[in-house]
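Take a look at the structure below.
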Amino acid sequence: MSPHGQANYKLMLRYDGASRIVSLDFPQLSCDHTISVDGAQLAEGTGNGQITFLLTPGDHILTVDTSSEIGYYSGMYFPPALGTSHTLSQVGSIRGFVYAFAVLLPLILAVFTFFLWQTGGEISRLFGVLCCCYSLYMMRYFVFQFSVPLGRYWFLIQSLALYGVCFCVIRLAAHVSGTDGRAARWWQRAVLLLLPAVLFLLSLLIPLLPWAVFIHGRLTDLYYALAFCTTVFFAVHGVKGTELESRFTAAGCMVFGVGLLVNLFFSNLFEPIRFFWQFEWCGLLLVFLFGAMMVSRRRRIVRENEMLTDHLEEQVKKRTEEVVWLLDERKAFFSDMAHDLKAPVFATQSYIRAIRERGVGVDRELDRELLGYLEQAEGRQRELARRLQGLSAINELDKVEGRRVRISVRELLSEIYAAHHGEAEVQSVHLSVTQPERDAFLLAQPEKMDILFENLIYNALRATPENGNIRITAQSRGGMIRIVVEDTGCGIPEEELPLIFQRFYVGKSNRDTGTGLGLYIVQSIVAEIGGTIHVQSVVGQGTKFLMEFPV
């Protein structure tokens, strides 16, 4: 008999007590209905039906007329409940609490799983979707309870939610079991995608073609049977796995399979009085099982991460000790090499100069080619001596190992002026310092700051003629302190500006005296503090070094 059309239910009520006000509850009437007592209509609508009336001694006839033209649900699926308003209110509150628990718990687990979607892989994502689908499926109670306008079409949403639950369970079972062959993939597509698509299309046709409900019912039974067989197949293979997730998934899939089987063979043979259908109980137990699996999985991941972190900390500590040892060895090697090479290099340079100046063993008229070679050798010796001096400067910088301290910019500039204004006066150069309006502090090593300004001021003194000026100014800007060292010297050619901070680079005007490391060391110290340095220069007008440091 088609669920579409009209149905009439009559119930005989015999009462022998005193007259009293009672309530009658018809839960989840999913179609249009009217409720009458002794021919008097007391309620109509879609969804839950409830009436309150005066019950007098004698026989009474309860009449329920239903009409369905849309979905595959029709008529009365739950037995009515009769009692006082207070009693039915308590029953309704308990039922509402249980259904709210069945809706909210999966959503909470889905939110928890959402944070694992990026790291938990496919299992976490499938579990999150499973929880959302089950929660959506269980919302039908509230849809009928509050007579939501879309209630008569809710069967379509329920269908999608049920297909989603089946999809996630089968995919979880297949993933954990490791059965992913070509035949298995084809079978999954048929069970997970093809049949649900056909069933949903038939659901859409039911309002237009009443006979579609019969095909839909038979295919739904077939879908349940195939889903049950598929779940059991993957679950049996999953039991072979040694991981805890495999055991949990296998148990959950077996529970789900039993729920499908019960729904297939025992549907409508008995109805729940207060709470869930058999399949819904199995679904809730399934959510609990997978929730326990996700908690166990999360704990295992956290434990593995802690072990990995401890291992990485040990490795980092070990590597750090090795790097520190290598740096110390490098410092010692360069220091020893510079010390050992300095004497023979300068001695050789002295011998070459003696040969050229005194003509020892060289006939100036007859051996001009030899004199040319001596000039080249002397140039190479000067370059080697310059490199050794630079290497010594780097070694001195490496020896500064004190920790960083807070340095007052005003005190720093005062100490710089006190240390260098005498040298400037000797060369008839005016050195001036302009303090910042508000004092600021740098986090740095005082020795390295002395080396930084010493290099900049010595370079400025070499470049500045008599009666020239060297100005050092400081200005605080928000979270930065800007220090400028400016001279009125010869300036730097524009083509040399991009190269001056390179190691061992010497400009044309300093070939005989420079080591090529002063500005390289300056830039290294500035970068170590977290600052920046820029240069502006015009030939014949002077040079300006602009440095900015974090306060």
Side-chain angles (χ1 to χ4, degrees), residues 3 30 70-73 103 106 110 122-123 125-140 143 150 152-177 179-235 238 249 252-265 267-268 277-280 282-284 286-287 290:
S30 55
I70 296 178
Y72 48 72
Y73 290 127
V103 171
E122 186 179 7
I123 289 182
R125 290 190 290 271
L126 287 172
F127 175 69
V129 175
L130 169 66
C131 291
C132 292
C133 290
Y134 179 78
S135 179
L136 186 64
Y137 183 85
M138 295 301 291
M139 283 182 187
R140 64 177 177 80
V143 171
L150 294 177
R152 63 180 61 202
Y153 297 101
W154 192 255
F155 72 98
L156 296 173
I157 299 176
Q158 272 192 263
S159 298
L160 290 176
L162 177 62
Y163 304 149
V165 171
C166 294
F167 176 90
C168 293
V169 173
I170 295 175
R171 282 298 302 147
L172 278 169
H175 183 84
V176 173
S177 67
T179 307
D180 202 23
R182 183 175 181 181
R185 288 197 298 270
W186 183 89
W187 183 254
Q188 287 183 57
R189 293 191 186 99
V191 176
L192 299 179
L193 302 176
L194 182 59
L195 268 177
V198 172
L199 287 171
F200 187 71
L201 289 176
L202 285 173
S203 299
L204 295 176
L205 291 175
I206 289 175
L208 302 176
L209 304 173
W211 53 265
V213 73
F214 293 105
I215 301 177
H216 180 274
R218 300 298 178 269
L219 284 180
T220 299
D221 292 340
L222 175 63
Y223 177 65
Y224 286 159
L226 292 177
F228 170 75
C229 295
T230 304
T231 304
V232 171
F233 172 78
F234 289 130
T249 304
C253 293
M254 291 299 294
V255 168
F256 181 73
V258 170
L260 291 176
L261 197 63
V262 170
N263 192 74
L264 180 63
F265 290 103
S267 178
N268 295 331
W277 295 85
Q278 304 88 350
F279 172 73
E280 294 169 348
C282 292
L284 186 61
L286 178 68
V287 170
F290 281 128

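Residue numbers count from 1 along this sequence. From a predicted model like this one, the values you see are computed outputs, not experimental measurements. All values below come from the heavy atoms of this structure, side chains included, with hydrogens, waters and symmetry mates left out.
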Practice item. Identify which one of L205, V198, L199 satisfies the side-chain contact (heavy atoms from CB on, under 4.5 Å) criterion when paired with H216. Key: L199
Check your understanding: For C168 and L126, which heavy atoms make the closest approach, and how far apart are they?
Key -> SG-O, 3.6 Å
Exercise for review: Measure the CG-SG distance between L136 and C131 for me, rounded to the nearest 0.5 Å.
Suggested key: 13.0 Å
**Study point:** Sequence-distant partners of C133, side chain to side chain contact (heavy atoms under 4.5 Å, CB included), two or more places apart
**Key:** V129, V165
Practice item. Could you tell me which non-hydrogen atom of P196 sits nearest to which non-hydrogen atom of Y163, and how far apart they are? Key: O-CE1, 3.7 Å
**Study point:** CD1 on I215 to CG on L222, rounded to 0.5 Å
**Key:** 13.0 Å
Review point. Would you say Y134 and L284 make side-chain contact, with heavy atoms under 4.5 Å?
Key: yes
Check your understanding: In Å and rounded to the nearest 0.5 Å, what is the OH to CD1 distance from Y137 to I157?
Key -> 13.5 Å
**Study point:** Euclidean distance, S135 OG relative to L130 CG, rounded to 0.5 Å
**Key:** 11.0 Å
Exercise for review: Check F200 against L156 and note the closest heavy-atom contact, atom names and distance.
Suggested key: CE1-O, 3.9 Å
